[in-house]
Amino acid sequence: MLTDGRGRRITYLRVSVTDRCNFRCWYCMPASGIRQLDMAEILSFEEISGIVGILAEQGINTIRLTGGEPLVRRGIVRLVEMLSAVAGSCDLAMTTNGSLLAPLASGLRVAGLRRLNISLDSPDPDQFRRITRGGSLADVWQGYEAAVRAGFTDIKFNAVITADDRLENQVRAWWREIVSRRLVVRFIEQMPIGYSLPAGSPGTAGRLLDTLAAVSGVSPRLTGERLGCGPAEYYDLAGIRIGLIRALSHGFCQSCNRIRLTADGRLLTCLADGRGVDLKAIVRAGGNIGQIKDRLIEAVKQAVAAKPAGHEMSGGPAAGGYMTQIGG
Ligand code: SAM
Ligand code: SF4
């Protein structure tokens, strides 16, 4: 069992399988993209599944694949199969932009992927294209529909929100879609990962709730429910559930159960702490499986013991690069 220096049990691992993405969401990376890792720097499927298998033995019970965009990693279905084999009892999930999901959904399901979150900031095609800098909304809906046909249930949507005039349009467009398709959407306050936020950003959640009340005609009621194991709070609006992740304005760090494995093999114990421990160096240093395993467990335990009490993102940039380099 992994427990940090403040007694928090670590049970949730996010695995970034690539730093590459076919979108350029404006809040996630610069328009010019990022300096991409050489493929040699990125963990192989064998390295990822080796590390994940060991962490599963140490008490990790939820594994979420992310990126960059996880579906741009060639052979992703094979990786899911390999992870199912080494960590079959874990809840294996993925966060994706959904645009490449249509041809892959059924293979992912058969390979053992249990849950899907789709990041879709606005169901208004023009706003969507602007936010993603060129993404096609139709591809995402096709991906979602293929996932439903493949048997995925409880698919959740993530939408990043910002405290500016775009919010009202975004929420209005989402509300129409939520009502007609009965979707679960979690709105996420934009986080300053790789850059600073404008003053006033921590007020986004309040503005979201006011806007939802205006578009729905109902006051959002906090339900106190937890759906899944994430930090979202859920609100009820006349039978419709809306999630809110107050990344800045609510302190969820005291119950944080997460660690992250980056595409280049660093273990991060906080989204806002980019220092990390280089697990790839241990895996590639050689030695027999038993020695590697002991060194990995020791390094992971030390990193977890020093997990920060919380992020200090109050508007200023967090260390560690852009979100696409960390895995969200
Ligand atoms: N490409 C996949 C996707 O978009 O779902 C997975 C990687 S993405 C980095 C993971 C999550 O991080 C997405 O839900 C995305 O919206 C969110 N994200 C990216 N940058 C963010 C930021 N600055 N603040 C809050 N959430 C962010
Ligand atoms: Fe790509 Fe996801 Fe970042 Fe958008 S949020 S640029 S889809 S990694």
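Read the numbers this way: they start at 1 and go in the same order the structure lists the ligands and their atoms. Owing to the predicted nature of the structure, the values given are computational and were not obtained by experimental measurement.
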| query | Does A111 offer a backbone N or O that forms a donor-acceptor pair with the side chain of S84 under 3.5 Å? | reply | yes
| message | Tell me if a side-chain donor or acceptor on E145 pairs with a main-chain N or O of V140 at a distance below 3.5 Å. | response | no
| query | Is the distance between the ring centroids of Y144 and F157 under 6.0 Å? | reply | yes
| Does the ring center of F128 lie less than 6.0 Å from the ring center of W174? |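 Distance test on ring centres: not under 6.0 Å, no.
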Look only at interatomic distance and state if [X] has a nitrogen or oxygen under 3.5 Å from any nitrogen or oxygen of ligand 1.
X    : answer
Y27  : yes
S119 : yes
V160 : no
Q190 : no

| message | At less than 2.8 Å, would any N/O/S atom of C28, backbone or side chain, sit next to atom 3 (Fe) of ligand 2? | response | yes
| query | Is the shortest distance from a Lys or Arg side-chain nitrogen in E81 or R78 to a carboxylate oxygen in the other one below 4.0 Å? | reply |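 Yes.
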| query | So, are R129 and D126 salt-bridged, with charged N and O less than 4.0 Å apart? | reply | yes
| query | Any luck finding a side-chain donor-acceptor pair between R221 and Y235 under 3.5 Å? | reply |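 No pair is found: no donor N or O on one side chain lies under 3.5 Å from an acceptor on the other.
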| If you measure only the distance, is there a donor-acceptor pair under 3.5 Å linking the side chains of E69 and T96? | yes
| request: Measure M29 to ligand 2 on non-hydrogen atoms and call it side chain, backbone, both or neither using the 4.0 Å cut-off. | output: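 The part of M29 near ligand 2 is the side chain, not the backbone.
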| field | Ligand-side contact atoms (ligand 2) for residue partner T324, heavy atom cut-off under 4.0 Å | value |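 The atoms of ligand 2 under 4.0 Å from a heavy atom of T324 are 8 (S).
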| task | Output the list of atoms in ligand 2 that are nearer than 4.0 Å to some heavy atom of F23, sorted by atom number. | result |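 Every atom of ligand 2 under 4.0 Å from some heavy atom of F23: 6 (S), 7 (S).
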| Relative to ligand 1, is Y195 under 4.0 angstrom through side chain, backbone, both or neither, heavy atoms considered? |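 Side chain only.
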| query | Is it the side chain, the backbone, both or neither of T96 that has a heavy atom closer than 4.0 Å to ligand 1? | reply |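 For T96, only backbone atoms sit under 4.0 Å from ligand 1.
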| said: Taking only non-hydrogen atoms of A159, do any sit less than 4.0 angstrom from ligand 1? | reply: no
| At a 4.0 Å cut-off, with the gap strictly under it, does some heavy atom of I193 reach an atom of ligand 1? |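 Flag not set, I193 not near ligand 1.
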| task | Please report the shortest heavy-atom distance between R241 and E225, naming the atom on each side. | result | NE-OE1, 2.6 Å
| Which option out of Q325, M323, M94, E69 puts a heavy atom nearest to atom 27 (C) of ligand 1? |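 Nearest option to atom 27 (C) of ligand 1, by heavy atoms: M323.
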Looking at [X], which atoms of ligand 1 are within less than 4.0 Å of one of its heavy atoms?
X    : answer
M191 : 22 (C), 23 (N), 24 (N), 25 (C), 26 (N)
E189 : 25 (C)
N158 : 14 (O)
G68  : 1 (N), 2 (C), 6 (C), 7 (C)
N97  : 2 (C), 3 (C), 5 (O)

Report the nearest protein non-hydrogen atom to [atom]: residue, atom name, distance rounded to 0.1 Å.
atom                    : value
atom 11 (C) of ligand 1 : G328 CA, 4.2 Å
atom 2 (Fe) of ligand 2 : C21 SG, 4.4 Å
atom 6 (S) of ligand 2  : C25 N, 3.2 Å

| said: If I take atom CG from residue D121 and atom CZ from residue R130, how far apart are they, to the nearest 0.5 angstrom? | reply: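 It is 12.5 Å, given to the nearest 0.5 Å.
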| message | For a 4.5 angstrom cut-off between non-hydrogen side-chain atoms, does R115 reach F152? | response | no
| query | Does G68 have a heavy atom less than 4.0 Å from any atom of ligand 2? | reply |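 G68 counts as a contact of ligand 2 under the 4.0 Å cut-off.
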| query | Does atom CZ of R284 have more than 12 heavy-atom neighbours, drawn from other residues, nucleotides or ligands, at distances under 6.0 Å? | reply | yes
| Checking salt bridge (Lys or Arg N to Asp or Glu O under 4.0 Å) for the pair K156/D154: CA distance, chi angles, key distance, verdict? | CA-CA 6 Å; K156 297 193 187 73; D154 300 326; over 6 Å; no
